[in-house]
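What you see below is based on every heavy atom in this structure, not just the backbone, and it leaves out hydrogens, waters and symmetry mates.
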Amino acid sequence: AQLLPTREGFVWTANGGSTIGPFRGQGAILLPRGGATIIRIAGLTASGVRASGDLRVVTGGLSGRLAILGGGLSGDVALGIERGLQRVETQLVARDVKLVGPPLIVVQRGRLDLVALLDPRGTSIDASFAGQGLRYGDIAFVRATGDAKLVGGRGQVTASVTGSRG
């Protein structure tokens with residue numbers, strides 16, 4: 001990553017590797033006098049998926065929304081504070097997604113709805129997903145659906161998976 005000072009704060013660029021493939025990003029860190037710090041993500045791209053938006057630094061974490069578009073994914077990721085904890089909420093729709101990884105991740109059609117509270121005593125996750133034409137490395141499924149309600153890694157996960165022989 002590289003940070004360069006500006007009159008408004010800093011501009012940043014970054015590149016590297018991630019679980020969905022190589023990434024590139026650019027944006028700014030805005031430090032308005034007497035105002036909240038803003039992390040501006042002009043673009044963060046990996047495997048053709050692009051995230052962009054503004055995140056404000058607030059007491060307890062970050063607040064804002066990142067738009068997700070490209071590479072077959074669309075939706076958003078919203079960050080905020082709930083009961084003093086960082087909250088992450090996302091709704092994503094997938095259509096012909098191919099994330100280069102490794103491992104290769106493919107989703108012909110899918111949807112993910114997730115709410116997470118990042119609690120130091122144990123993260124809570126409430127999520128549901130549905131997908132068709134799924135691949136994770138060498139593992140492939142025709143269809144999968146599921147729900148998860150977890151706190152600190154404990155809770156209930158209900159899933160249904162359909163595969164094929166061959």
Within a radius of less than 6.0 Å around CZ of Arg109, do more than 12 heavy atoms belonging to other residues, nucleotides or ligands occur? yes
Nearest-0.5 Å distance that lies between atom [atom1] in [X] and atom [atom2] in [Y]:
| X | Y | atom1 | atom2 | value |
| --- | --- | --- | --- | --- |
| Glu8 | Arg40 | CD | CZ | 10.0 Å |
| Phe129 | Thr145 | CZ | OG1 | 6.5 Å |
| Ser128 | Leu112 | OG | CG | 7.0 Å |
| Phe141 | Arg135 | CZ | CZ | 10.5 Å |
| Leu79 | Leu66 | CG | CG | 6.5 Å |
| Asn15 | Gln2 | CG | CD | 10.0 Å |

Check whether [X] and [Y] end up in the same hydrophobic cluster, where Ile, Leu, Val, Met, Phe, Trp and Tyr are linked by side-chain heavy atoms less than 4.5 Å apart.
| X | Y | result |
| --- | --- | --- |
| Val161 | Ile139 | yes |
| Val58 | Leu117 | no |
| Val57 | Ile41 | yes |

Is a side-chain donor or acceptor of [X] paired with a backbone partner of [Y] at a separation under 3.5 angstrom?
| X | Y | value |
| --- | --- | --- |
| Ser47 | Ile20 | yes |
| Gln86 | Gly80 | yes |
| Ser18 | Gly21 | yes |

Val157 vs Leu150, side chain to side chain contact (heavy atoms under 4.5 Å, CB included): CA-CA, chis, key distance, verdict: CA-CA 8 Å; Val157 176; Leu150 304 168; 4.0 Å; yes
Shortest non-hydrogen contact from [X] toward [Y]:
| X | Y | result |
| --- | --- | --- |
| Gly61 | Ile81 | N-CD1, 3.7 Å |
| Tyr136 | Pro103 | CZ-CG, 3.4 Å |
| Gly25 | Trp12 | C-CZ3, 3.4 Å |
| Val107 | Ala94 | CG1-CB, 3.7 Å |
| Gly122 | Val151 | O-CG1, 4.3 Å |
| Pro22 | Val100 | CD-CG2, 4.0 Å |

Starting from the C-alpha separation in whole Å, work towards a yes-or-no answer on side chain to side chain contact (heavy atoms under 4.5 Å, CB included) for Arg56 and Leu62. CA-CA 6 Å; Arg56 293 191 184 312; Leu62 299 171; over 6 Å; no
State, yes or no, whether a side-chain contact exists between [X] and [Y] at a heavy-atom distance under 4.5 Å.
| X | Y | value |
| --- | --- | --- |
| Val77 | Val88 | yes |
| Asp54 | Ile39 | no |
| Pro120 | Leu85 | yes |
| Leu55 | Arg65 | no |
| Leu4 | Phe10 | no |
| Leu92 | Ile68 | yes |

Side chain to side chain contact (heavy atoms under 4.5 Å, CB included) against [X], all qualifying residues, sequence neighbours excluded:
| X | answer |
| --- | --- |
| Leu69 | Ser74 |
| Gln91 | Asp76, Glu89, Arg111, Asp113 |
| Gln26 | Thr13, Ala42, Arg50 |

Stepwise, does the side chain to side chain contact (heavy atoms under 4.5 Å, CB included) test hold for Ile38 with Ile29? CA-CA 6 Å; Ile38 298 170; Ile29 300 172; over 6 Å; no
Determine, stepwise, if the pair Ile105 / Val97 fulfils side chain to side chain contact (heavy atoms under 4.5 Å, CB included). CA-CA 8 Å; Ile105 300 169; Val97 173; 5.9 Å; no
